[in-house]
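Counting from 1, the numbers follow the sequence of the chain as shown. Basis for what follows: all heavy atoms, side chains included, without hydrogens, waters or symmetry-related copies.
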Amino acid sequence: MTLPALARIRQIARAGDTLRAWRMFEDLGLGASSSADALSLKGRLLKDRGLRGGGSERAGLLEQAQAAYLQAAGSRRATYPLINAATIAFLNDRPDEARRIARRVLEILACGDYEPETRYWLGATEAEALLLLDDPQASRQALERAMKSSPEAWEDHAVTLGQFRQILERLGRSPDLLDDLQPPPSLYFYGIIGLPDDEAEARAKLECALDEIRPGAVFGALAAGADILMAEMAVARGARLHVVLPTSLARFRQISVEQYDSAWGERFDRLMGQADVVEVLEGNAGLSEAAILNGSQVAMGLALRHARSLASRAVALHLARATDLPSPAEVEWRAHDLPVRRVILDEWLPARGSALDRAKNVTIVASPGRLPGVLGSAPVTQIEDEKGTVLAFPDLVAAIDHAQALLRKDPELRLGIDSRAVVPGESLEVSGELACLLASAATGGSICASWPQIAALELLAPDYRFDAAGEIVTAIGNVPIGLFCHLPSA
């Protein structure tokens, strides 16, 4: 078993999809493996399953998890599996056993004779052992030192804090003791096109909002005006910038940036160079209201996904005029009870640019073969021939609901999904080309979807979990993908 495959299962488990990770672990024949890496992963998966269960099932799974970690450690001076075995014993109502293993971990750390590990994980391990010994003050000090050694290892911090909260609850102490150490929130930013020549009011009000939110990562497009100003101010504060453009870079820069002022183009280019990630939703439909909505939902989904990975929260920041109505994307965000911080500026005439392209959003579900009939959302358009089946839906949620129903009917189906803005009158053969290629790349019982478009489900239907899974090589170029595997018990 190669490390990348183990890392893939670990990534799925960390995202919260425990059952899928366990199925992959078993399908690959790892249950009987004696390798330390596989045993540690086995312990992690059994612990996750046990903590979700109850009664004797919980106790039995946690006991198996502890045994797997202890077997992974063996006679080695390996602090990672040992501290996990200690915490599992504690959560399984074996405090004396937990304290004994925790003391052993501290002894190993004190003498300096231990297996190599990062500074962060060594410090976090010390902190966890001290917490198991009911010394929260010393534990917090050790954890703060560990976090200072790796200040931007937010995903690692989130894993540690999640485990510590479980221990604190079992100790009868408030888990709020660690709230100020949790990773920073993710921010989705959006706002008006154009700004007054004097940006002082906007800057002052945004300073207050950003002081309150303190985001670690920001997600959005970079249209002239509010978008660019908010991104500049967030980056200046050290936030990571994730740009999501609703159409090609050249088209977006032409229509949404440079036509308003050449200075906006320079600021746009500077931010593109500073961005950590740039996602471009390519397509034939140009820049339209449909494409903008699609791009907004993807950016929102990525912000929510990032927040979930850090056990943090996601916030939207909107720079607007008092008379502005909420955008369709904001309405969707608020419908899920997600927080919005609105910054209102004094009235001025809005900037006016050229008309947007005409388009509508559509989601394509494709299969290399014929599909069984299922109840549920009906496609608005369908093609079925010897080459396969292509279905078109008016929205992403209707499409994924139908796809899931298809997988329940036939668990070995291979499906592809692509969500995009399409020009009026575009044929399904043209719109469905990428979905067909994705379906051909899917394995039995899975959905292969275009990435990051499918990340919009984090907002629209968060019960569906797609994982970023690299790229596939197709006739139209390399395509980033997300994967969803059907679980019969889901």
Side-chain angles (χ1 to χ4, degrees), residues 3 6 10 13-14 33-48 50-51 59 61-151 153 155-175 177-178 181:
L3 184 59
L6 288 173
R10 195 175 292 112
R14 180 174 285 194
S33 174
S34 59
S35 83
D37 286 336
L39 284 167
S40 288
L41 181 53
K42 180 180 181 180
R44 158 65 187 274
L45 298 176
L46 287 167
K47 181 193 78 172
D48 289 349
L51 292 176
L61 287 170
L62 291 180
E63 185 175 352
Q64 293 176 52
Q66 181 185 346
Y69 273 121
L70 289 174
Q71 188 179 352
S75 59
R76 300 179 299 123
R77 301 176 71 80
T79 57
Y80 171 78
L82 286 173
I83 194 60
N84 277 284
T87 295
I88 291 169
F90 182 77
L91 297 176
N92 202 22
D93 297 323
R94 297 178 176 181
D96 293 340
E97 195 171 342
R99 286 191 286 267
R100 177 180 59 78
I101 301 173
R103 291 190 188 97
R104 180 183 171 194
V105 169
L106 290 176
E107 290 170 1
I108 293 173
L109 291 172
C111 74
D113 180 18
Y114 45 76
E115 291 196 349
E117 190 53 89
T118 66
R119 288 180 62 191
Y120 173 76
W121 284 114
L122 288 172
T125 296
E126 178 189 5
E128 192 166 340
L130 289 166
L131 190 59
L132 289 169
L133 296 171
D134 201 10
D135 191 347
Q137 183 175 355
S139 173
R140 182 187 173 96
Q141 291 171 351
L143 183 56
E144 288 177 341
R145 290 193 298 271
M147 288 181 169
K148 286 179 181 177
S149 72
S150 302
E155 289 197 14
D156 293 340
H157 298 179
V159 171
T160 301
L161 290 171
Q163 186 125 305
F164 280 30
R165 287 191 180 95
Q166 291 176 327
I167 297 171
L168 285 168
E169 288 175 358
R170 186 56 64 98
L171 286 169
R173 298 179 179 273
S174 171
L177 293 171
L178 301 173
L181 297 179

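- The shortest distance between side-chain heavy atoms of Leu143 and Leu130 does not fall below 4.5 Å.
- The closest side-chain heavy-atom distance from Leu109 to Tyr114 is below 4.5 Å.
- Side-chain polar atoms of Glu117 and Thr79 form no donor-acceptor pair below 3.5 angstrom.
- Taking 4.5 Å as the limit, every side-chain heavy atom of Ile83 sits out of range of all side-chain heavy atoms of Gln163.
- Looking at heavy atoms from C-beta onward, Leu82 lies out of side-chain contact with Arg77 at the 4.5 angstrom threshold.
- Remark: Asp48 engages Arg44 in a salt bridge, criterion side-chain N to carboxylate O under 4.0 Å.
- Put simply, the side chain of Ile167 reaches to within 4.5 Å of the side chain of Glu128, judged on heavy atoms.
- In this structure, Leu51 and Leu62 have side chains that are in contact, with non-hydrogen atoms separated by less than 4.5 Å.
- Under 4.0 Å is where a charged nitrogen must lie from a carboxylate oxygen, and between Arg140 and Glu144 at least one such pair does.
- Among residues two or more places apart in sequence or in another chain, the side-chain hydrogen bond (donor to acceptor under 3.5 Å, both in side chains) test is passed with Lys42 by none.
- In summary, Asp134 and Arg99 do not engage in a salt bridge, as defined by a charged side-chain N under 4.0 Å from a carboxylate O.
- Under a cut-off of 6.0 angstrom, the local environment of CZ in Arg119 is sparse, with at most 12 non-hydrogen atoms contributed by other residues, nucleotides or ligands.
- Using the six-membered ring where Trp is involved, Tyr120 and His157 have ring planes that are tilted, between 30° and 60° apart.
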